[in-house]
Structures are given as C-alpha cells and as structure tokens.
Amino acid sequence: MKSVDLIEEIREFCNERDWRQFHNPKDLAIALSIESAELLELFLWKDAKETQSVCTQKRDAIEAEVADIAIYLLDLVDVMGLDLETIIRRKLEHNRKKYPVSLSKGKNLKYDELES
C-alpha cells in the first residue's frame with residue numbers, strides 16, 4: 001500500500017469521527033513526539049543484550065507505537081499539504097552532501113566531526 005492510499009484511509013478515519021478539527025500541525029507534532037517517547041520507553045534502561053530481548057518479547061507493543069508514529073506523521077503531511085516523497089528525497093540529497101561516502105562510510109560521527 002502506498003503512502004497516498006494510507007493518507008486517504010487516515011483522512012477518512014479522522015473525518016468519520018470529526019477529529020480533523022483537533023488535528024492541526026502543532027497538535028500533530030506534539031502527538032508524534034509523545035508516540036515516539038512511548039516507543040523509546042520500551043527500551044529505557046536496557047543494555048544491548050536486553051534491547052534484543054525487548055525487540056522479540058515486546059514486538060506487538062513496538063509495532064503499535066511505530067504505527068501510531070506513522071499515522072500521526074502521515075496525518076501531519078496531509079494537513080500541511082506536504083509531498084512526503086519529495087521532501088524525503090530532498091533530505092536524502094542534502095544528507096548525501098553532508099555525509100559523503102568517502103568520509104562517513106562505517107563511521108557514526110556527526111557531519112561536523114568527519115575529516116575532510
């Protein structure tokens with residue numbers, strides 16, 4: 001299913017419940033942050049080994065939080081009239097310049113820490 005189809009389904013879901021009145025950019029951004037925090041909470045205080053266990057044992061909860069994040073993101077894109085594919089491609093191009101393969105391959109450094 002393409003994001004356009006998902007956006008239409010989310011729009012229909014919200015419209016059926018008359019929720020569009022509550023879904024402004026500010027509140028959708030806040031909802032995104034809250035759902036992201038709920039995803040992070042599943043991993044809180046876990047070391048690398050425990051994290052692997054969480055990924056297995058709490059997979060349903062992780063999927064539910066990821067879905068909530070995606071729904072709010074797609075709703076925000078819709079409400080703001082953004083073209084998600086275009087802005088993602090633009091950001092990827094920006095990041096290609098910021099993180100050239102020759103300097104960043106295999107490294108987890110921020111762009112301003114890479115040697116030129």
Side-chain angles (χ1 to χ4, degrees):
M1 183 177 274
K2 293 187 169 197
S3 63
V4 173
D5 298 329
L6 284 171
I7 288 171
E8 182 58 40
E9 192 170 338
I10 293 164
R11 185 185 303 141
E12 183 179 321
F13 180 88
C14 291
N15 287 340
E16 288 172 343
R17 289 154 182 81
D18 194 25
W19 286 352
R20 189 57 79 201
Q21 62 181 316
F22 308 115
H23 290 202
N24 59 72
K26 173 194 68 85
D27 288 317
L28 289 168
I30 291 170
L32 257 169
S33 179
I34 291 168
E35 295 302 335
S36 295
E38 290 176 5
L39 176 61
L40 287 171
E41 187 176 25
L42 296 170
F43 297 100
L44 184 63
W45 312 121
K46 306 294 188 266
D47 62 25
K49 185 177 178 184
E50 292 169 317
T51 295
Q52 287 302 318
S53 177
V54 167
C55 289
T56 303
Q57 294 176 355
K58 296 194 176 186
R59 185 173 182 91
D60 290 345
I62 291 168
E63 287 179 1
E65 297 307 337
V66 167
D68 285 340
I69 292 164
I71 288 167
Y72 283 128
L73 177 62
L74 291 173
D75 201 19
L76 178 64
V77 164
D78 186 37
V79 166
M80 293 189 64
L82 303 174
D83 180 339
L84 185 59
E85 184 175 346
T86 298
I87 62 178
I88 287 173
R89 290 184 190 287
R90 186 182 312 135
K91 183 62 175 180
L92 283 171
E93 184 56 35
H94 175 77
N95 285 346
R96 278 186 190 93
K97 293 174 185 169
K98 209 170 171 180
Y99 294 96
V101 174
S102 62
L103 297 178
S104 60
K105 188 171 185 172
K107 299 175 184 172
N108 63 355
L109 300 174
K110 192 173 174 184
Y111 67 93
D112 61 354
E113 297 174 319
L114 294 170
E115 293 180 25
S116 29

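Because the structure is predicted, anything quoted here is derived from the model rather than measured. What's counted below: heavy atoms across the whole structure, side chains too, no hydrogens, waters or symmetry copies. FYI, the numbering just counts along the sequence from 1.
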Report yes if the side chains of [X] and [Y] come closer than 4.5 Å at any heavy-atom pair, otherwise no.
X	Y	answer
Asn24	Val79	no
Glu12	Asn15	no
Leu76	Leu82	no

Got a second to check how far [X]'s [atom1] is from [Y]'s [atom2], nearest 0.5 Å?
X	Y	atom1	atom2	value
Trp19	Asp27	CH2	CG	14.0 Å
Leu42	Gln57	CG	CD	12.0 Å
Leu84	Leu73	CG	CG	6.0 Å
Leu28	Ile71	CG	CD1	12.0 Å
Lys98	Ser104	NZ	OG	12.0 Å
Asp5	Ile10	CG	CD1	11.0 Å

Check your understanding: With the threshold set at 4.0 Å, does a side-chain nitrogen-carboxylate oxygen contact exist between Lys110 and Glu113?
Key ->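 No, this pair does not count.
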Check your understanding: Less than 4.0 Å between a side-chain N and a carboxylate O, is that true for Arg59 and Glu63?
Key ->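 Judged by the 4.0 Å cut-off on N to carboxylate O distance, Glu63 and Arg59 do form a salt bridge.
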Quick one: closest heavy-atom pair of [X] and [Y], and the distance?
X	Y	answer
Leu103	Leu114	O-CD2, 3.3 Å
Cys14	Asp75	SG-OD2, 3.9 Å
Leu74	Leu6	CD1-CB, 3.9 Å

Point to revise | Arg17 to Phe13 six-membered ring, cation-pi geometry met (6.0 Å, 45°) | key: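 Relative to the ring axis of Phe13, which defines the angle, Arg17 lies inside both limits.
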Above 12 or not: heavy atoms from other molecules or residues under 6.0 Å from [atom1] of [X]?
X	atom1	result
Arg20	CZ	yes
Glu85	CD	no
Glu50	CD	yes

Check your understanding: Checking Tyr72 side chain against Glu35 main chain: does a donor-acceptor pair fall under 3.5 Å?
Key ->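 Not at all, since once roles are kept as given, no pair shorter than 3.5 Å links the two residues.
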Review point. Quick one: does Lys97's side chain have a donor or acceptor within less than 3.5 Å of a partner on Glu93's backbone?
Key: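 Answer holds: no.
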Do [X] and [Y] belong to the same hydrophobic cluster, where Ile, Leu, Val, Met, Phe, Trp and Tyr are linked whenever their side-chain heavy atoms lie under 4.5 Å apart, directly or via other members?
X	Y	value
Val66	Ile7	yes
Ile88	Leu32	yes
Leu40	Ile62	no

